[in-house]
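All figures in this text were calculated on a predicted structure; none of them were measured in a lab. Chain identifiers are assigned alphabetically (A, B, ...) following the order of the sequence lines, protein sequences preceding nucleic acid strands; residue numbering begins at 1 within each chain.
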Amino acid sequence: MGEKPVTDTPERPTDERTRRLEKVERMRAAGIEPYPVRFDRSTTIGGLREKFPDVEAGTETDEVVRIAGRLLLLRRQGKLTFATVRDGSGAVQLFVSEGEIGIEGHNDFDALDLGDWVGVEGVVMTTRKGELSVKVRSFQLLAKALRPLPDKWHGLSDVDTRFRQRYVDLIVNEEARRVFEIRFKVMAAIRDYLGSLGFIEVETPVLHDQAGGAAARPFLTHHNALDMDLVLRIALELHLKRLIVAGFDKVYEMGRVFRNEGLSTRHNPEFTMLELYEAFVDYGEMMTLTEELVAHCAMVALGTTQVIHDGEVLQLAPPWRRLTLRDAIIEHAGVDVHPSMPVEAVRVLCDKFEVPYEQSWGSGKLMLEIYEKTTEHRLVGPVFVLDYPREVSPLARVHRDDPTLTERFEAIIGGRELANAFSELNDPVDQRERFEAQAQLQADGDAEAHGVDEDYLRAIEYGLPPTGGLGIGIDRLVMLIAGVTSIREVILFPQARPERPEVIRALAVEEAESEITPNS
RNA sequence: GGGUCGCUAGCUCAACUGGCAGAGCAUCGGGCUUUUAACCCGCAGGUUCAGGGUUCAAGUCCCUGGCGACCCA
């Protein structure tokens with residue numbers, strides 16, 4: 001053995017860790033395996049609680065159970081120890097008495113550390129105070145924890161550590177577990193709901209040879225065998241619409257997309273999108289579907305369609321208010337803007353609202369910029385904002401009543417875009433023109449614009465039926481329903497910079513030292 | 001990218017204008033057979049993010065860097 005304890009990230013070696021390592025060695029020396037292969041449970045803790053919901057205080061049943069979980073709290077009281085163990089379904093108290101398992105057994109139990117995984121067998125009972133407990137008859141260490149848990153009362157609150165070591169966050173912070181339970185319920189509710197409507201869930205490629213379907217910078221990667229650069233998808237759109245061409249009436253995909261942009265409380269470089277497409281309908285149906293789907297998710301996850309956002313109660317139950325982009329701007333900025341206006345006139349309005357712009361932008365793009373600066377953040381909603389300029393909507397069909405607009409809406413809740421949908425553009429000639437306009441923007445240096453997707457055009461030249469399409473940011477939906485303000489709270493392992501360089505440096509120093517004085 | 005704030009024991013946090021670096025929890029030792037963040041007594045635990053500077057003296061002031069939070073673009 002080396003002369004000093006093994007260090008590893010992120011902390012320096014702790015006495016606690018060394019102590020527990022030594023404990024592991026002692027156990028092995030005594031013939032006890034600290035990491036046994038398996039443990040047969042008779043029930044989960046949740047199942048146990050379900051079976052014994054209401055046992056009178058001071059009862060000892062004749063039911064013997066075998067449960068397993070992580071040891072979270074220990075309360076030793078002389079010849080009696082109370083412990084709290086938790087598995088994936090819940091927590092329960094262990095009642096460990098010297099009278100039941102003897103002095104030696106009790107001391108062995110006492111040698112367990114907080115954080116250890118244990119399996120126990122015992123009789124179901126309640127204490128004098130009525131706490132459901134398992135009176136331990138025998139127990140077994142299932143996995144030794146080497147690192148101590150954070151403070152049992154305050155938990156782990158350092159945000160950076162919480163996200164980097166999410167496993168610890170989830171062990172000790174009830175709120176973290178609550179948020180992810182909501183996330184998983186929401187995702188399951190979406191699949192259930194769409195399935196019940198006849199939608200088919202599909203999976204399309206993550207690696208694309210060309211980015212498309214949204215305005216965003218992609219991540220670049222490289223395929224060695226093909227010797228070609230690829231991008232990670234920024235949207236699901238173009239593949240899903242190929243599937244509508246293929247003859248699927250209703251398809252959806254819920255999956256990860258990647259956008260090469262900054263990190264913030266609202267942005268993580270990889271996030272989860274739901275996109276769905278339905279043949280023969282327009283954006284009106286998409287509105288109905290959106291409000292019903294969101295309300296359904298809230299109902300499943302929370303049991304109510306009311307959510308609290310920024311201290312205010314929002315009602316998600318349909319119907320949601322609908323107003324045009326133009327009317328929204330009139331309402332909140334007090335000016336009437338329309339893509340048909342001369343660009344000079346719209347620039348004057350941009351100046352008035354201190355909206356920066358580029359010379360290449362037309363009235364439609366400027367209109368959207370004005371909306372984003374003056375109006376969007378004030379829309380508490382839920383509200384559907386309809387009819388976006390054609391210039392900023394390269395995949396949406398032209399509005400049936402106004403050739404400068406498209407049949408597109410965004411759902412806004414709490415000042416943020418939650419969903420984006422259109423009557424899909426299915427005219428291949430028009431689509432080619434839009435792509436070419438995007439390609440021009442790209443050539444002019446717009447890193448978020450993309451070129452002509454020839455295969456997509458070929459696909460819709462086979463005929464894309466009239467189609468309604470919808471995209472919902474799942475992370476934002478979960479944030480809304482869970483009532484949290486940072487996207488990192490709803491992503492299990494949010495993006496972070498590599499861990500503290502001084503740790504790496506310290507390890508490098510140790511390596512250098514070990515070269516000078518080799519271990520004997 | 002700009003601004004503000006933060007980084008102290010394993011965890012959560014203190015340390016007034018520069019003057020011996022502390023508490024609670026966890027750990028360790030002792031006590032306690034119905035606790036619920038159990039409790040009581042005692043011990044130990046520190047590269048104050050890193051590096052440099054000012055000073056008799058730096059957790060504290062200055063500079064550079066790292067990581068993070070919030071606000072702005």
Between [M] and [N], how far apart are the [atom1] atoms? Round to whole Å, please.
N: B/A9; M: B/C28; atom1: C1'; result: 15 Å
N: B/U55; M: B/C49; atom1: P; result: 23 Å
N: B/G66; M: B/G24; atom1: C1'; result: 30 Å
N: B/A26; M: B/G18; atom1: C1'; result: 33 Å
N: B/A44; M: B/C16; atom1: P; result: 25 Å
N: B/G10; M: B/A50; atom1: P; result: 13 Å

| request: Consider the side chain of A/Arg19, meaning its heavy atoms from C-beta on, and name the nucleotide among B/U33, B/U36, B/U27 that approaches it most closely. | output: B/U27

| request: When you get a sec, tell me which of B/G68, B/C28, B/U36 is the closest nucleotide to the side chain of A/Lys23? | output: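 When the side chain of A/Lys23 is considered, B/C28 is the closest of B/G68, B/C28, B/U36.
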
| field | Cationic tip of A/Arg408 above A/Tyr388 ring, under 6.0 Å, 45° of axis | value | yes

| task | Please determine if A/Arg66 forms a cation-pi arrangement with A/Phe39, meaning its NZ or CZ atom is less than 6.0 Å from the six-membered ring centre and no more than 45° off the ring axis. | result |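 Because its charged atom sits under 6.0 Å from the ring centre and within 45° of the axis, A/Arg66 does stack over A/Phe39.
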
| task | Any chance you could list the contact pattern along nucleotides 37-45 of chain B? Use B for base contacts, S for sugar-phosphate-only contacts and - for none, protein heavy atoms under 4.0 Å, 5' to 3'. | result | BB-------

| request: Hey, which sits more toward the 5' end of RNA chain B by its nearest nucleotide, A/Ser486 or A/Gly155? | output: A/Gly155

| field | Nearest-nucleotide comparison on RNA chain B, the residue closer to the 5′ end among A/Phe95 and A/Ser264 | value | A/Phe95

Paired nucleotide for [N] [Watson-Crick or G-U wobble; both distances under 3.5 Å]:
N: B/C16; answer: none
N: B/C7; answer: B/G66
N: B/A44; answer: none
N: B/A37; answer: none

| Roughly, in whole Å, what's the span from CG in A/Leu71 to P in B/A26? | 13 Å

| request: Indicate the atoms forming the closest heavy-atom contact of A/Cys297 with A/Ile481, along with that distance. | output: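 Looking at all heavy atoms of both residues, the shortest contact is CB-CD1, 3.8 Å.
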
| Short side-chain N/O contact to B/U12 OP1/OP2 from A/Ser157, under 4.0 Å |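 For A/Ser157, the contact criterion (side-chain N or O under 4.0 Å from OP1 or OP2 of B/U12) is met.
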
| message | Run A/Asp169 and A/Gln165 through side-chain hydrogen bond (donor to acceptor under 3.5 Å, both in side chains) and show every step you take. | response | CA-CA 7 Å; A/Asp169 185 37; A/Gln165 297 179 236; over 6 Å; no

| query | On a plain distance test, is the side chain of A/Glu98 in donor-acceptor contact with the base of B/U33 below 3.5 Å? | reply |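 No.
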
| field | Rounded distance (nearest 0.5 Å) linking atom CG of A/Leu114 with atom CG of A/Leu72 | value | 8.0 Å

| message | Once you apply a heavy-atom cut-off of 4.0 Å, does A/Thr265 come out as touching a base, just sugar-phosphate, or nothing? | response |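 If one applies the 4.0 Å heavy-atom cut-off, A/Thr265 turns out to touch the sugar-phosphate alone, with no base involved.
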
| task | Could you give me the CA-CA distance, side-chain angles and deciding distance for A/Phe493 and A/Phe163, then say whether ring-ring contact (aromatic ring centres under 6.0 Å, His included) is met? | result | CA-CA 6 Å; A/Phe493 299 100; A/Phe163 298 154; over 10 Å; no

